[in-house]
Amino acid sequence: MGILDDIHAAEVPALPNGPGAAAILSAGIGCFAIGLFGFAADKSAVIKSHFILYKPTGPLSGETALAIILWLVSWAILALGRL
Amino acid sequence: MEITVRGFWTLLHGMGFGALYLLACSGALLELYRVCTPQGIHVAPKSNRFLSAYLVTMALLAWAAVLSGTYIVYPWYRAVAPAGIMDLSGYPQLLLKSSPDTIDWHNLGMEWKEHVAWLTPIAITMVAGVFLQYGRDIRKHPALRTAILTFTLVAFLAAGIAGFFGAMLNKYAPVQGGNIIHITHGS
């Protein structure tokens, strides 16, 4: 009985893979957003000017801030299972 | 021996937070691989707590590196020179762009560095979060295990690229200026 319990505990995950998948997918979304916003700001002067949230840092401030917000919001939504 | 305030912050950003993060990467990759493989069932719970603390420290270092880089050092790098100034040593971005021999350190190097570096804190924070949640149980989820190992590797490569370009940029156009901090006085 004890050995069977040990084998069962070794093979059956205590947690489903949902929370982990939510964290991984949202990190992917955040990383993609960094690239996308950087590319968009590079290609369009209008978009670039809209990304300037903190003037000394320029458009990088908006690109990264928006990507971080997108990452954290998507993580929260996916983790709560609302999507 | 003295250092300028801008030089000190650049040193803290690159050699303090960035290099320490890079040094920690190989340990994290090895330990994650060891703990997360099916053979990791024999790993003591104590090493679980150690790895959790290690990954959280790495995430804090990554955030400290990108935030200090973006909001403290980068504004000094891209400072705009007043009209008519000839000495561009206090304006690293303009100094690099002033010569065809160095312009690509900005166009390629800094443009890459300023963006790719941000992948690191996102990736390593996710890895730390997943490991805190699952611990050694992650070895029972092969897909998650592969994903967190891959993201740890991506975070390492992104930090490596940013670190390389940072070192080269600071070699050709160092961020200097501001008040001088006297460390020692020569005899």
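Side chains are part of it too, since the values below use all heavy atoms of this structure and drop only hydrogens, waters and symmetry mates. Per chain, numbering begins at 1; letters A, B, ... match sequence-line order.
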Item to check | His115(B) vs Thr64(A) side-chain heavy atoms within contact, under 4.5 Å | outcome: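 No, their side chains stay 4.5 Å or more apart.
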Checklist entry - Heavy-atom distance under 4.5 Å between the side chains of Trp118(B) and Ile68(A), does that happen here? => result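 Trp118(B) reaches Ile68(A) side chain to side chain.
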Could you tell me which portion of [X] (side chain, backbone, both or neither) has an atom closer than 4.5 angstrom to a non-hydrogen atom of chain B?
{"X": "Leu60(A)", "result": "side chain"}
{"X": "Leu72(A)", "result": "neither"}
{"X": "Ser26(A)", "result": "neither"}

Where [X] and [Y] come nearest, the two heavy atoms and their spacing:
{"X": "Pro16(A)", "Y": "Tyr134(B)", "value": "O-OH, 2.6 Å"}
{"X": "Pro75(B)", "Y": "Thr57(A)", "value": "CG-OG1, 3.7 Å"}
{"X": "Arg78(B)", "Y": "Pro56(A)", "value": "NH1-O, 3.1 Å"}
{"X": "Leu144(B)", "Y": "Ala21(A)", "value": "CD2-N, 3.6 Å"}
{"X": "Ile24(A)", "Y": "Ala147(B)", "value": "CD1-CB, 3.5 Å"}

Item to check | For chain A, the option from Thr70(B), Val80(B), Val66(B), Val154(B) that forms the most heavy-atom pairs under 4.5 Å | outcome: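 Counting heavy-atom pairs under 4.5 Å, the top option is Thr70(B).
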Answer with yes or no whether the hydrophobic clustering places [X] together with [Y]; edges join I, L, V, M, F, W, Y residues whose side-chain heavy atoms lie under 4.5 Å apart.
{"X": "Ile72(B)", "Y": "Tyr54(A)", "result": "yes"}
{"X": "Trp105(B)", "Y": "Leu108(B)", "result": "yes"}
{"X": "Tyr54(B)", "Y": "Ile124(B)", "result": "yes"}
{"X": "Tyr33(B)", "Y": "Val127(B)", "result": "yes"}
{"X": "Trp76(B)", "Y": "Leu11(B)", "result": "yes"}

Checklist entry - Do other residues, nucleotides or ligands put more than 12 heavy atoms under 6.0 Å from the CH2 atom of Trp9(B)? => result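 Not more than 12 within 6.0 Å, no.
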Next on the checklist: Looking at Met168(B), I want to see if its CE is surrounded by more than 12 non-hydrogen atoms of other residues, nucleotides or ligands under 6.0 Å.
Outcome noted: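 Yes - once you tally the heavy atoms of other residues, nucleotides and ligands closer than 6.0 Å, there are more than 12.
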Item to check | Contact class of Tyr71(B) relative to chain A, heavy atoms under 4.5 angstrom | outcome: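 Both backbone and side chain.
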Item to check | Rounded distance [0.5 Å steps], CG in Asn17(A) versus CG in Asp137(B) | outcome: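 So the CG of Asn17(A) and the CG of Asp137(B) are separated by 11.5 Å.
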Next on the checklist: Can you tell me how far apart CH2 (Trp75(A)) and CE (Met126(B)) are? Round to the nearest 0.5 Å.
Outcome noted: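 CE of Met126(B) is found 8.0 Å from CH2 of Trp75(A).
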Checklist entry - Using 30° and 60° as the class limits, which term best fits the ring planes of Trp71(A) and Trp63(B): parallel, tilted or perpendicular? => result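 The rings of Trp71(A) and Trp63(B) lie parallel, inter-plane angle below 30°.
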